[in-house]
Amino acid sequence: MLRARPAWRAGPVAVLARGDLQGEVLHCNTAARRCGVTPGMRHGAALAVAPGLQAEVVPAEALQAAGEELLALLLRRAPRVEPGGSPGVFWIDPSGLERLFGDLGRWSEGLLAELQAAGFTAGLVIGFHRHRAHALARMVRGARVLASPEAEASLLGQVPLARVDLPPGLLDSLAQLGIHHLAGFLGLPAAELRARFGLAAALVQARYLEAAPPLRPTLPREPVTEGFEQEPPDDHCERLLFAMRPKIDRLLQRLAAEGEALVALDVEMELDHAPTVRTRIEPAAPAGPSESRGLTELLHLRLAGTELAAPVLRVRLTAIGARVRAEQGALLGGARRDLQAAGRALARVRAAFGEQAVTRARLRPAHLPEAGFRWEPIAEISCPKVQELPANHHEALAAPPLCRRMLPRPRPLTAWTGRDDGDWLARTGLVRGAVIRMDGPHRVSGGWWARTVERDYYYAETSAGDIAWVYHDRARARWFLHGLLD
């Protein structure tokens, strides 16, 4: 979230389970903790103790993508890496790396520098027990190399129990006994701890006291690639495509042999004395060996719209595959809308104009109209849901509903005097005629936790039949055009 909004780094920030005021705080940074925000607190309560709190929901897709990016980055610095189960936690085996980097401190500094360059903030502890090292890593920013297991155990007294994943209610119970740090918790007798606080508390203690299981590293997957050298160098679209097509067929066959289908194709073209050109093609549906022609057509559209600064020397094609079931490729029988044809049409649009050319608005809870939705790429096409017509549907069809088109950014207007000479809205170039009627006000207010918002919305009908959606910002004493009705 902070990589997408770097301006938030200096203040209190939290990650929410959902976007309304009742959403639970899942994670928060140090600045938020200093203000009194803790995980489990409701969004509204967190805003009461930290009025400047910035909070959002992090989609699961974004979290997974960041985890995969981190894993790929770590595998470039160490051969044995195991994801730790929780998002952002990784175990690394640094054995033998000191021979390459001189010492583990220099290796860890280089790793943190690479993480920082990618926009991540990390804590790294090189210790002797995986769970104890993890507890210490949650308390540091930067790298720390421990000299001995005894040094590792002595530092556990600095780890607050609030930073350890404990069963619900156990933290408050231990606080009543005067135990606030991990070392005190680990010093409790195991039998009495289990008898008084249950099996879950005993398992947490055993995790830090017993020998940790061996590392189970994730092996990097070898990319499915095909490449060739263009001799002589050429920048003609048709000739390049002719040379790529057999390689595409080969990629699809290799994926099919592994039980996968192609979901994306990365194309890398090395130019003669010019920067390398990289692009990605995504078909409407996972492509198998029989879909080679459609994939080649998408690539043709992308190459036709790409200007090459120099002839192409080398081409590298990388296939991104995904597991597919046999029934995913089956066609539904009967006369119905061809959703696959619609998907292929949108794939052509993306190939010709870019991946962000096909999006849709997804509603989300917000008090401001412009924040009530977000644009997201369309991954697949689905038929609209059929709604039953009301009893007075003939009257409804006679007066069809209006469609509101919101502007990307509200247009400022001059002050409204109650009379219109025809230029108040017309000078924007979006509305014709003079205002003859104003319907409103419709109040939108809120934002007491960040910046107070008080708007009076009106529907302004003009002599030309246009309807504009305008509002008066009471805090700024200004008028704005926010949308049009069709």
Side-chain angles (χ1 to χ4, degrees), residues 1-6 8-67 70 83-91 119-125 130-141 156-186 197-198 200-205 207-208 364-365 449-450:
M1 184 173 67
L2 291 178
R3 287 205 302 169
R5 302 181 181 276
W8 289 4
R9 289 184 179 272
V13 181
V15 178
L16 303 177
R18 64 175 193 263
D20 56 14
L21 294 177
Q22 295 301 316
E24 181 182 356
V25 174
L26 299 179
H27 310 278
C28 57
N29 65 349
T30 303
R33 291 178 183 273
R34 290 172 179 169
C35 296
V37 180
T38 58
M41 184 180 290
R42 298 295 178 183
H43 185 199
L47 289 170
V49 299
L53 180 70
Q54 303 285 0
E56 277 187 354
V57 177
V58 177
E61 298 81 5
L63 201 62
Q64 181 180 359
L70 274 170
S86 301
V89 178
F90 298 89
W91 317 108
F120 292 103
T121 301
L124 188 151
V125 169
R130 65 160 65 192
H131 296 296
R132 294 179 184 178
H134 177 213
L136 295 173
R138 300 179 71 170
M139 297 298 301
V140 303
R141 285 293 177 265
L156 296 180
Q158 303 176 10
V159 180
L161 286 176
R163 303 302 301 271
V164 179
D165 298 327
L166 296 178
L170 181 58
L171 182 63
D172 295 335
S173 300
L174 293 175
Q176 295 176 3
L177 299 177
I179 300 175
H180 302 282
H181 293 83
L182 182 58
F185 173 67
L186 299 182
F197 297 106
L203 291 176
V204 173
Q205 186 191 55
R207 181 192 309 161
Y208 293 94
R364 61 180 182 179
W449 53 88

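What you are looking at is a predicted structure, and each value in this text was computed from that prediction instead of being measured. Here, residue 1 is the first one in the sequence, and each next residue gets the next number.
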Residue set satisfying salt bridge (charged side-chain N to carboxylate O under 4.0 Å, His left out) with Arg138, at least two apart, ordered chain then number -> Asp165
If you round to the nearest 0.5 Å, how far is [atom2] of [Y] from [atom1] of [X]?
X      : Y      : atom1 : atom2 : value
Leu171 : Gln176 : CG    : CD    : 10.5 Å
Gln54  : Trp8   : CD    : CH2   : 4.5 Å
Met1   : Leu63  : CE    : CG    : 11.5 Å
Arg132 : Leu182 : CZ    : CG    : 8.5 Å

Where is the tightest heavy-atom contact between [X] and [Y], given as atom of each residue plus distance?
X      : Y      : value
Gly119 : Arg9   : O-NH2, 3.1 Å
Gly23  : Leu16  : O-CD2, 4.4 Å
Tyr208 : Ala135 : CE2-CB, 4.0 Å
Ser173 : Phe197 : CB-CE2, 3.5 Å
Ala46  : Val25  : CB-CG2, 4.2 Å
Leu161 : Ile179 : CD1-O, 3.6 Å

So the salt bridge (Lys or Arg N to Asp or Glu O under 4.0 Å) pairs with at least one residue in residues 51-63 (sequence neighbours excluded) are Arg5-Glu56
- Query: Please, which pairs that meet salt bridge (Lys or Arg N to Asp or Glu O under 4.0 Å) have at least one residue in residues 13-23, sequence neighbours excluded?
  - Reply: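 For residues 13-23: Arg18-Asp20.
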Taken in chain and number order and not counting sequence neighbours, the residues that satisfy side-chain hydrogen bond (donor to acceptor under 3.5 Å, both in side chains) with Glu24 are none
Please tabulate, for the side chains in residues 26-35, all donor-acceptor contacts under 3.5 angstrom to protein atoms that are two or more places apart in sequence or on a different chain.
unit_1: Asn29; atom_1: OD1; unit_2: Val13; atom_2: N; d: 3.0
unit_1: Asn29; atom_1: OD1; unit_2: Ala32; atom_2: N; d: 3.0
unit_1: Asn29; atom_1: ND2; unit_2: Gly11; atom_2: O; d: 2.9

Original post:
Just wondering, do Phe185 and Val164 contact through their side chains at under 4.5 Å, heavy atoms?
Top reply: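 No, side chains not in contact.
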Sequence neighbours excluded, the answer for ring-ring contact (aromatic ring centres under 6.0 Å, His included) partners of His181 is none
